Every structure is written in C-alpha cells, then in structure tokens.
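Everything numeric here is computed off the predicted structure, so don't read it as measured data. Scope of the values below: all heavy atoms of this structure, side chains included, with no hydrogens, waters or symmetry mates. A note on names: the letters A, B, ... follow the listed sequences, proteins ahead of strands, and every chain is numbered from 1.
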Amino acid sequence: MAKKVRVRFAPSPTGGLHLGGVRTVLYNYLFARQQGGDFVLRIEDTDQSRYVPGAEEYIYECLKWCGLQPDESPQAGGPYAPYRQSERKDLYRQYAEFLVQEGKAYYAFDRPDELDSMRERFKTAENPSPQYDHKVRMQMRNSCSLTFEETERLLADNVPHVIRIRMPENETVTFTDMIRGEVSFHTELVDDKVLLKADGMPTYHLAVVVDDYLMKITHAFRGEEWLPSSPVHVLLWKYLGWEKDMPQWAHLPLILKPDGNGKLSKRDGDRLGFPVFAMNWTVPGTNELTKGFREIGFLPEAFINMLAMLGWNDGTDQELFTLDELVQKFSMDRVHKGGAKFDFEKAKWFNHEWIKKSEVGRLKPEVRKTLEQQGISVNDDVKLETVIALVKERCTFIADFVEQARFFFQTPQQWDLDAIKPKWNEAKQAFFGDVINYLQQQTNWVAADLEHGFKELAAAKQIKPGEVLLPLRIMLVGGKFGPGVFDIAGIIGKEETVKRVSNLLGQL
RNA sequence: GCCGCGUUCGUCUAAGGGCUAGGACACCACCCUUUCACGGUGGUGAUACGGGUUCGAAUCCCGUACGCGGUACCA
C-alpha cells in the first residue's frame with residue numbers, strides 16, 4: 001500500500017506573509033487535497049533572535065482568509081505535535097550527537113570572530129566567500145583537528161560549540177526533483193553546514209530533515225532558493241538511516257519583481273505601488289504598516305487563482321479556476337521551471353473577473369462593510385443587492401463600490417458642472433422644468449417607461465436626447481459614470497429623483 | 001570567483017520533431033453604449049546567440065551569452 005501523502009508548509013514567523021509564501025502554501029494544499037493527503041503547518045522558529053510577536057497569528061489569519069487551512073498545526077494540534085520547532089528543541093540534539101558518533105558530523109568550537117578572521121584570511125579575488133569546508137577544516141578548532149582529550153575537555157568545560165556536518169570530499173549527490181528532474185551536486189563544493197547551534201537550537205538544515213522524518217512528510221515543496229543546500233539535506237536523510245523515507249522534493253520557481261530582475265520583495269511593492277503581503281502587516285514596535293491584498297480589496301478567490309497561474313497552467317486556455325477546480329486539475333509536472341515576474345495589472349484583471357462572476361450574495365457582506373466604513377449607511381437589503389448586481393462589472397476592487405454605488409444611497413454633494421455648463425441654455429433650463437413635472441406625474445416608476453417618456457418630451461421640445469442625457473446624469477450621479485441613468489432613477493425612486501433634478505436646476 | 005538553476009510577444013504562458021508559433025494581461029483602432037465600464041471585432045508584438053542531429057527543431061545534443069539563486073551559529 002502506498003504511503004499516505006503528507007505535505008507541509010514551514011514558514012519562519014518573522015513578518016508578513018509574502019506572495020511567494022502563499023503560492024507555496026497553495027501548491028502544498030492543492031497537492032494534498034488532490035491526493036487525499038494531509039497538509040501540515042509547521043512553524044520554523046529556530047532563530048530566537050528573529051522572533052517577531054504576532055507573526056505566527058498573522059500566518060494563521062492569512063491561511064484562513066485564503067481558505068487554505070492546515071489539517072495539523074500548532075493551533076489545531078495533531079498526532080505529531082508539537083508543531084513549533086522551538087518546542088521541539090530537545091529532540092534535535094540526539095540526532096546531531098548520533099551523527100557525531102557515526103563520524104558524519106563533528107563539534108566545532110570556533111567563536112564568531114574566529115570564523116570572521118578565517119574568512120578574511122582565505123578571501124581572494126577568485127574566492128570572495130571562503131567556506132568552512134574540508135579545505136580549512138583541519139585549521140579550525142573542532143573535533144577533527146583537536147585530539148580526543150582536548151575535545152572532551154572543552155565539552156566538559158561547557159565551551160560554546162556547534163555541531164557541523166562533515167561533507168565528504170569526493171561524492172556526487174543526485175536526486176530527482178519533481179519539477180526539474182535529475183539534479184546533482186559535488187560534495188567537495190558544499191560547506192560543512194552548522195546542524196546544531198551553540199544555543200542548542202537546530203539550524204534549518206537539521207530541523208527540516210528530522211521533522212519531515214518524524215512527521216512522515218512524503219513530499220517537500222519549497223522555494224528554489226533552497227536548491228543549493230539540498231545536497232546537505234539529502235545526505236542527512238542518508239546518514240540518519242532514513243533514506244527510504246526521504247520525501248520527494250520539488251523546488252518551486254521564484255516570483256520575480258516586475259521591473260528588472262530578482263526576487264520580488266516588500267520594497268518593490270512599496271516602490272511600485274502594490275501589495276506583496278497577503279494581508280496588512282504592522283511591524284511591532286515601529287508600527288510601520290505594509291498593505292496587503294486583502295485590505296486593498298482583493299477577493300481571496302482571485303488572489304489564489306492569480307497565484308496558481310503564476311507558474312502553472314492546465315494546458316488549456318482556461319485562466320479562471322475555483323479552488324475546487326484547482327484541486328482537481330493541479331499537477332506538479334505542469335509547474336514551470338523558470339521564475340515569473342509579478343504583473344500587478346494581470347492581478348487586477350483576476351480580481352475584476354472574480355467580482356464579475358461572483359454572486360451578489362457573495363459580495364454583499366464585503367460591499368456593505370466597505371460602504372459603511374465610508375459612512376454610507378445601507379438599510380435596504382434588497383436595494384443593496386440590486387445595486388451590486390448593476391455595478392459590479394465596473395469594479396476592479398471592492399473599494400470601487402464606494403464610487404460606483406454611493407449615489408444610490410446618498411444625494412451627491414459635488415457635481416461635475418464643467419461637463420454641462422458650457423452648453424447650458426434657456427431651452428434646457430425650461431426643458432428640465434418640464435421634466436420635473438413629468439416625473440411628478442408618474443405613478444408607475446419603471447426605468448424603461450421613464451426613458452420613453454423623457455425622450456418623447458425631448459422630441460416635443462425639439463431637443464436631441466443626447467443634449468440632455470448627460471445633464472440628467474450629472475444631476476443624479478454627480479459625475480460622468482455609472483450605469484444607465486434611467487436604471488438609476490428607477491432605483492433611487494421618484495421623490496429622490498425629483499429632488500436631485502430640481503436641486504441642481506437651481507444652481508445652473 | 002565558485003556551484004546550481006533557468007531563458008517563447010513588454011508581462012503570464014501554450015505548442016514536449018512537422019505551425020501562418022496559439023491564448024491571456026497591457027497597449028492601439030473600430031463597433032456597441034448619446035456617461036463610465038462591460039462586451040464584440042481587428043492590430044502591433046516572441047522562440048537569446050552559435051554550432052550540430054534530422055527530410056524537418058521553439059522542441060533533442062554541445063558550446064556561448066545573459067539572468068536568477070546560493071556561497072551565515074537566517075530561514
């Protein structure tokens with residue numbers, strides 16, 4: 001029987017959740033759901049100096065908003081708890097010690113300043129960043145260069161030390177990446193990575209292997225930036241004796257900045273005027289706020305859809321997918337190898353499409369909330385629904401409903417008079433006087449009838465409808481936008497329509 | 001520097017030996033609309049370069065260039 005699929009998203013809680021992070025979550029989630037597997041959230045907080053309060057809660061909130069909730073997590077618990085690496089601290093040391101006994105790792109007592117001076121000493125034009133590897137190993141203070149007795153004494157004296165992997169000098173590590181196929185590395189070019197830090201915490205390298213093993217992870221997806229350290233991980237799986245349980249790796253392509261090249265960063269978003277984080281993120285302490293997709297009015301459906309298409313497609317021309325469709329159709333072998341530049345214009349298009357295709361009921365709570373935040377009170381539920389249905393196709397963001405729907409609920413306070421004043425005359429003034437009379441006589445307030453009557457009246461006065469339609473719009477709406485004027489009149493009602501017309505007529 | 005990974009319209013991408021290299025975003029034009037959108041039609045626009053293999057190459061192989069990633073007691 002095949003092993004049950006288990007995947008994990010393993011962020012370190014140091015700040016806002018980046019687009020690329022959400023995409024990694026998404027691919028994990030899609031794969032797990034499709035395979036009937038489990039999706040685990042594991043918090044990789046092994047660097048205590050980078051602890052940021054609130055960052056972990058923020059991640060849960062993001063996943064919740066996106067609808068990508070984990071089956072197991074620090075919050076939800078699960079059979080492999082705890083899911084926070086800081087709470088698993090005591091677990092890791094034994095594995096590192098085991099590797100030392102096996103001769104696959106060693107103690108290193110070098111102080112930070114000694115490491116610096118080593119790097120300084122070996123630095124040349126051809127080798128600008130010397131590594132701690134087999135070439136310098138014997139010149140450093142570690143259990144390879146020191147005698148057994150010396151090492152024992154240092155350990156007994158509690159001299160701060162780390163445990164480093166001892167990279168072999170002449171091997172080739174090869175594995176099959178689900179996206180890239182076979183990749184290989186020469187071990188003599190990889191450094192002796194620290195496995196266990198002086199504070200007793202594991203580094204990512206040790207923790208990811210131990211926890212993936214203990215948590216029975218079958219497929220490990222992560223960003224491409226991890227590819228260069230993958231030989232360390234593969235070797236660790238082997239040295240720990242777990243080779244047959246090693247997950248299948250998939251290194252996802254990066255999301256790049258729209259201009260120039262390089263990984264998309266928060267800075268690029270600030271610079272170019274779009275969000276990079278899923279939700280608003282406030283840096284504790286400085287209170288510096290970074291805008292999120294949620295807050296600028298993205299629908300999670302659109303956000304997810306857009307992210308899914310950044311590096312994957314189903315081979316057809318289809319671009320709009322629901323989460324369920326993605327679960328069905330997603331496949332790792334259709335994931336791109338190359339990085340994708342993020343295009344905010346295209347992201348906006350996805351959101352616009354989703355607003356258009358969403359049911360009124362889906363939009364209603366969010367639209368109501370946004371309108372009310374702007375001081376527009378919405379008491380008539382049916383009217384709100386009618387309005388949403390009428391204007392949603394002209395909204396790219398939820399916030400656009402403010403402009404597009406405001407005049408249905410509030411009398412305009414400002415009018416684009418420049419649009420009508422230059423061509424205004426006595427005849428039009430008189431005509432609108434007649435319009436008011438006409439409107440007041442109506443007992444059956446229906447848009448189509450109003451339009452018909454209005455045009456007949458204009459014809460009777462020898463006025464072309466085009467001459468007076470725009471003025472009417474300005475009177476009702478305030479500006480040159482919105483749905484058909486008579487639809488608007490139909491919705492706001494007789495009293496309000498008459499009021500708006502006569503109100504502005506007095507100002508012309 | 002070294003190692004690894006990449007490279008099709010400006011952007012996201014399709015086409016995994018046979019095509020006038022397809023779609024979408026953006027842009028432009030026209031139509032619809034006597035507003036703004038939506039919608040419709042059309043247009044500009046790409047296989048990084050050089051060698052092979054082949055009857056035939058965007059597709060396979062080898063170089064070159066360029067880009068990115070990594071080279072931390074960060075993840």
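- Annotation: side chain of Val276(A) is not in contact with side chain of Ser265(A) (no heavy-atom distance under 4.5 Å).
- Atom CG of Asp400(A) and atom C1' of C38(B) are 14 Å apart (whole Å).
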Requested in this report: Would you please test Lys428(A) and Glu467(A) for salt bridge (charged side-chain N to carboxylate O under 4.0 Å, His left out) and show each step?
Outcome: CA-CA 9 Å; Lys428(A) 288 182 185 174; Glu467(A) 302 272 312; 3.5 Å; yes
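- In a base pair of the Watson-Crick type (N1 to N3 plus N6-O4 or O6-N4) or a G-U wobble (N1-O2 and O6-N3), with each distance short of 3.5 Å, C60(B) is matched with G52(B).
- Contacts between residues 447-454 of chain A and RNA chain B, counted as heavy-atom distances below 4.0 Å, involve no residue at all.
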Please tabulate the protein-to-nucleotide N/O contacts below 3.5 Å involving nucleotides 20-24 of chain B, giving atom names and distances.
from, atom 1, to, atom 2, distance (Å)
A24(B), O4', Glu319(A), OE1, 3.1
A24(B), O2', Glu319(A), OE1, 2.6
A24(B), O2', Lys346(A), NZ, 3.0
A24(B), N3, Lys346(A), NZ, 3.2

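- The gap from the P atom of C74(B) to that of G70(B) amounts to 16 Å, rounded to the nearest Å.
- No engagement by Thr316(A) is indicated, since no non-hydrogen atom pair under 4.0 Å with the nucleic acid exists.
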Report task. Report the C-alpha separation of Arg111(A) and Glu114(A) in whole Å, then their side-chain angles, then the decisive distance to 0.1 Å, and conclude whether the salt bridge (charged side-chain N to carboxylate O under 4.0 Å, His left out) test is met. Result -> CA-CA 5 Å; Arg111(A) 280 176 276 108; Glu114(A) 292 174 311; 3.4 Å; yes
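- The aromatic rings of Trp226(A) and His233(A) sit tilted, their planes meeting at an angle between 30° and 60°.
- Both tests pass for Arg164(A) against the ring of Tyr132(A): distance under 6.0 Å to the centre and angle within 45° of the axis.
- Under the 4.0 Å criterion applied to side-chain N and carboxylate O atoms, Lys257(A) and Asp259(A) are not assigned as salt-bridge partners.
- Comparing C3(B), C36(B), C38(B) against the side chain of Leu189(A) picks out C3(B) as the nearest.
- For A37(B), there is no paired nucleotide, since no Watson-Crick or G-U wobble pair has both relevant distances below 3.5 Å.
- Between Phe350(A) atom CZ and U11(B) atom P there is a gap of 17 Å when expressed in whole angstrom units.
- With a cut-off of 3.5 Å on both Watson-Crick or G-U wobble distances, the partner of C27(B) is given as G43(B).
- Contacts of Gly484(A) with the nucleic acid, taken as non-hydrogen atoms under 4.0 Å apart, include base atoms.
- Within the 4.0 angstrom heavy-atom criterion, no nucleotide atom of any strand lies near Val468(A).
- Base-pair partner of G67(B): C5(B) (Watson-Crick or G-U wobble, both distances under 3.5 Å).
- When the C1' atom is compared between A26(B) and G43(B), the two are found 14 Å apart, to the nearest whole Å.
- A distance of 6.0 Å or more separates the ring centres of Phe9(A) and Tyr27(A).
- Atom CD1 in Ile474(A) sits about 11 Å away from atom P in C36(B), given to the nearest Å.
- A distance of 8.5 Å separates CZ of Phe298(A) from NZ of Lys348(A), quoted to the nearest 0.5 Å.
- Taking every side-chain heavy atom of Glu393(A) into account, A37(B) is the closest of U35(B), A37(B), C5(B).
- Look at A72(B): it lacks any Watson-Crick or wobble partner with both distances under 3.5 angstrom.
- A donor atom on one side chain and an acceptor atom on the other are found under 3.5 Å apart for Asn313(A) and Arg334(A).
- Rounded to whole Å, the distance from CG on Asp416(A) to P on C36(B) is 12 Å.
- Counting to the nearest Å, the P atom of C5(B) and the NE2 atom of His251(A) are 12 Å from each other.
- With a 3.5 Å ceiling on both atom-pair distances, C32(B) lacks any Watson-Crick or G-U wobble partner.
- Between Lys356(A) and G39(B) there is a side-chain polar atom (N or O) within less than 4.0 angstrom of OP1 or OP2.
- Both Gly311(A) and Gly338(A) lie close to RNA chain B; mapped to their nearest nucleotides by heavy-atom distance, the more 5′-ward contact belongs to Gly338(A).
- Side-chain N/O atoms of Gln248(A) and Thr176(A) include no donor and acceptor closer than 3.5 Å.
- Both the sub-6.0 Å distance and the 45° axial angle are satisfied by Lys346(A) relative to the ring of Trp349(A).
- Aromatic ring centroids of Trp312(A) and Phe321(A) lie under 6.0 Å apart.
- Look at NE2 on His134(A): it is 16 Å from P on C2(B), rounded to the nearest Å.
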Query raised in the report: Would Asp343(A) and Lys341(A) satisfy salt bridge (charged side-chain N to carboxylate O under 4.0 Å, His left out), going step by step from the backbone distance to the final call?
Result: CA-CA 6 Å; Asp343(A) 181 2; Lys341(A) 289 187 182 178; over 6 Å; no
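- A gap of 7 Å separates the C1' atoms of U53(B) and C61(B), to the nearest Å.
- One atom, CZ of Arg473(A), and another, C1' of A37(B), lie 10 Å apart when rounded to the nearest Å.
- Neither OP1 nor OP2 of G1(B) sits under 4.0 Å from any side-chain N or O of Asn127(A).
- In this structure, U20(B) makes no Watson-Crick or G-U wobble pair, since no nucleotide meets both defining distances under 3.5 angstrom.
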Report summary line: Reading nucleotides 68-75 of chain B from 5' to 3' and marking B where a protein heavy atom lies under 4.0 Å of the base, S where only the sugar-phosphate is that close, and - otherwise, the string is SBSBSBBB
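- A37(B) atom P lies 10 Å from atom CD of Gln404(A), rounded to whole Å.
- Comparing Phe481(A) and Gly339(A) against RNA chain B, the residue whose closest nucleotide sits nearer the 5' end is Gly339(A).
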Report task. Decide salt bridge (charged side-chain N to carboxylate O under 4.0 Å, His left out) for Glu301(A) and Lys357(A); before the verdict, give the C-alpha distance in whole Å, the side-chain angles of both, and the deciding distance to 0.1 Å. Result -> CA-CA 11 Å; Glu301(A) 296 93 323; Lys357(A) 74 180 271 191; over 6 Å; no
